[in-house]
Amino acid sequence: MKTKKRFSISKAGVLSLCIAAVVAQAQDSSDSLEEIVITGYRGSLIDSTAAKRDSNGFSDEIFSDDIGKLPSQNLAESLNRIPGVKINREVTGEGLQIAVRGLGPSFTKVVLNGNNIAIASDGSLDSGNRNREVDLGVFPTEFFSSLSVSKSANAQQLEGGTSGFVNMRTARAFDNEEQRFNFSVEGGYSEINEEISPKLAFTYSNTWDEKFGVLVGVVSSNKKSRVDGYETIGYTDGCLVAAADPLVPDNRTCVDGSLGRNHIDWNPTATQDYVDVYNGNVGDELDLVETSGVSAAMLDRGIFPYLGRGTLVEGDRDSLAGLVSFEYRPNEDMSFVFDIMNSQASRDFNRVNLMLYARRTRFNNGDAMIPVDLEVDSNEVIRQATLFNSSYFVEARDYKEDLSFESYMPSFSWQINPLLQMDIAASYTRSEFDREMPTWLYQTPKGVTQYSLSADVPAFDVSYDVNDPNIGWQWYNFTSAARFVLDKRDTETTGLHADFKLGEDADRNGFKFGFSYDEASRNMKSFGNGGEHNDAVLAAVPDGAALAQYLRPMSGADFGSSMDGNLGYNGFAQLNYDALKSSYDYAGIVAGATQSGGDAFGQTVGDISEEYLALYLEANAVAEILDRELRMNLGTRWVQTDQTMGSYDTASESTLTTNTSYDQWLPSFSAVYDLNSDIKLRASASRTMTRASPADMFPNAAWGSVGIDTANAGNPELSPYFGDNVDFGGEWYFSDMGYLGLTFFNKRITGFTRQDKVDVPFTELDELGLDTANLDPYRQEELDACGGPDICTTEVTTRINVEGSVDLAGFEAVWVQPLDMLVNGLGFNVSATNIDQSSSSPEAEVTGISDWTYNMTGFYENNSFQVRLTYFHQDEAVTGGPQGGYDGNPLPLRLPIALARSQLDLAASYRLPFSMPGDGEISLTFDAYNISNEPVGTWYGHQGVPSSIYYPGATYTFGIRGSF
């Protein structure tokens, strides 16, 4: 077999080359007497500094230094340069969503050209997107001229952002007058999958007679990605089982005194692989305390991965996006603009896991493992073990996703007279998302596993080759061998906004008033027919011998090579999806999928329609105090919200609907005082609102697992979140680009929700919308095993508003420093944010907050060369509530903790020494992302106990960019 040669770029080499280039260029520029025009990244920093200096409240803005040339290749990465902004990343390491000042992405209001939008996408791979988050990956950076983040509210802003307000402004023809054509061709090389991902982009703009302008842009890309990772889906503890009474074959009773979840049965009788090593007879009763080397208490309390699994995610994402902007200025007082955007993306990828069969292993089913030579640490985590009678199963999922977004935004601005200006804007957006997710499960024969957790990921040394298709794989026999889910989502928004300014310079002295009316709908539907899919697969491929023909070794045999640790195997047998699908009527399974009440994550689904009517009034004034200017802004916004929630009731095959309505006043104030010509002091106060998550409000329930033990239900009565915000600080501007800034802030948030769990008699589940009359075979077996509907109960989880509040207090610091006094064109910018929280109730505590985040960029530019090196760090953060125990249970509860993360990126370009038509230019570009292969993931309670961890690798992008 031909061995692929791994292409590797030395990180130190990359940095050394760039430093050497900077030194060489700096020497050339120092010796030159030519005038240096400030453009590029330095030019965008000058624009950002000017915008911040002129702002009334606390805001930051990022500008492109040319059409389609924001500072990063990803909108989230660009916004991440702003203090107080934190990125939520996909498992690929790419920025997906942003969070402002500690609160999650759903608390940040993201608008497009000032208009309300919604995206139907599903968020990151390991946490479904079910709230009001806006995934930024659908928007190419090439289409935007500026991104602004406002952290102090004003009355004119659309409500919804308790933590921040982000406006993404698309490029328009009059941003750069006259004719202009920009293009770029890039190829991104992924170090982990050794693939090239091409990207093509162009924009054309032209203006005529200072009256009419048009801009057209197209971006097309094919992104190939691969991520090697490890997941556990939590940890669980064991159960010491007495040898079964032969008269009661289904006996399964933990010994007296057992605590905890007891999802793992420890096997008290010898199996064949055990006697092969230790002699004896199959079925001999064992003393597990003796064989394990730990106490009975540690066998009971020691935690082990619930589903410890190596995870491979690989595939392609094709995207095509277009932007058209028309602008007409019949005279100097009027402007008509029509912005149109369309974005399409399709993703075809494979997510496949190899997991140790530990979840719900049962002695009476023959699945229980024999623990030998255990080592348990002080946190009661099993670190070492030899596990006899162990087996693995593969969960193979063949995802096909389609995402679309379209927006139509006409606007009209008219300076009616010197004292009155009117701005009218309308908008319509629609987004659709479909995900087809068939799943197949197959398992290994029994064997011996040497388990060790001594690195960031554990090692599973297996006694057989899991990458061999011919070791005796069988279809999974615990639940079902095949499942099928089809999720569909769509969002739609319409809006009409009218804004008026009264006064010669109403932003400084005068009044602003207006209204907005917006409608937004989010529809989530899920379809499935897992039983039919399972039956079709078993009929077509009935046994292990037949299954083997559809398996193949994992290509490359380098799985896990990018990880910090060795999983113990470098590949595992993969399904040939296309061949397997062709063996039965897979198309019929897709076409015959029936609607269900829950999605692939077991969460409730449904529809929500909302109407927002808002009126606002804002007064601006300028006064002089001690011969210095004081600018003030005082306003209030009144908003009424009407909501209609509906969800599909599988029991009655009808839609359940509920309605709710509320209104709220949202006042705001801000002031900026010029201490002198270069120092500005600022203060602001405001009340903000974020509506509750639609996904928590659907009036139905859905099964939460493959069994009958859990279900999830919505709560249509959830109240919104409110924030009372205070900011004060200021900046010292010591040049056109350079300044020092410091801001202190405090947010008091109320309206938080928490999970509420209640045991509901099985006979009452129909009232929640669960169909208990038509259970699938596995759920029916569980119902019979627990004693029938009159005895069984189900733990139903919903969300409720909690009493209490949380204060988020902290500061943001920023320093932008040109170093022209040392080398012309050299400089840096640094920002840092610190957040501390205190809550009146533990139930109101905010998750996902990093104590510290900071961003440092060093840059150098001259007429032909520029380079930037950016380092971003965020501390670890608790990402969810306690896990691992039950109420009244003395077992310790553990918190999921996001890994601390430090990413190093580099961007460089060189302008070739010849001219393009029309004073154009052409440049070579090079970017390096995540140079040190920083992982994304979470710890389970303690560092070094992985819950999920993904290694996306480094990506190097080479390209050519031109304009004329």
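Basis for what follows: all heavy atoms, side chains included, without hydrogens, waters or symmetry-related copies.
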Please confirm whether Phe393 and Tyr357 have ring centers closer than 6.0 angstrom.
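Yes - the distance between ring centres of Phe393 and Tyr357 falls below the 6.0 Å cut-off.
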
Using the six-membered ring wherever Trp is involved, compare the ring planes of Phe559 and Tyr569 and label them parallel, tilted or perpendicular (cut-offs 30° and 60°).
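Phe559 and Tyr569: parallel rings.
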
Please verify the inter-ring angle class for Phe405 with Phe139; under 30° counts as parallel, over 60° as perpendicular, anything in between as tilted.
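Aromatic pair Phe405/Phe139 classed perpendicular.
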
For Tyr399, does the six-membered ring have the charged nitrogen or CZ of Arg397 within the cation-pi criterion, i.e. under 6.0 angstrom from the centroid and within 45° of the normal?
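No.
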
Heavy-atom side-chain contact between [X] and [Y] under 4.5 Å:
{"X": "Thr955", "Y": "Asn930", "result": "no"}
{"X": "Leu354", "Y": "Arg309", "result": "no"}
{"X": "Glu395", "Y": "Thr439", "result": "yes"}
{"X": "Tyr940", "Y": "Thr232", "result": "no"}

Would you give the length of the straight line joining atom OH of Tyr929 to atom CD of Gln903, rounded to the nearest 0.5 angstrom?
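Taking OH in Tyr929 and CD in Gln903, the distance rounds to 9.5 Å.
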
Return the CG to CE distance between Leu441 and Met355, rounded to the nearest 0.5 Å.
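Here the interatomic distance stands at 7.0 Å.
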
Side chains of [X] and [Y] only: does a donor on one sit below 3.5 Å from an acceptor on the other?
{"X": "Thr311", "Y": "Asn353", "result": "yes"}
{"X": "Asp135", "Y": "Ser121", "result": "yes"}
{"X": "Gln474", "Y": "Asp543", "result": "no"}

Picking from Lys581, Arg483, Arg435, Arg351, what satisfies salt bridge (Lys or Arg N to Asp or Glu O under 4.0 Å) with Asp398?
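Only match with Asp398 under salt bridge (Lys or Arg N to Asp or Glu O under 4.0 Å): Lys581.
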
Salt bridge present between Asp228 and Arg226 (N-O < 4.0 angstrom)
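A salt bridge is present here (some side-chain N lies under 4.0 Å from a carboxylate O).
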
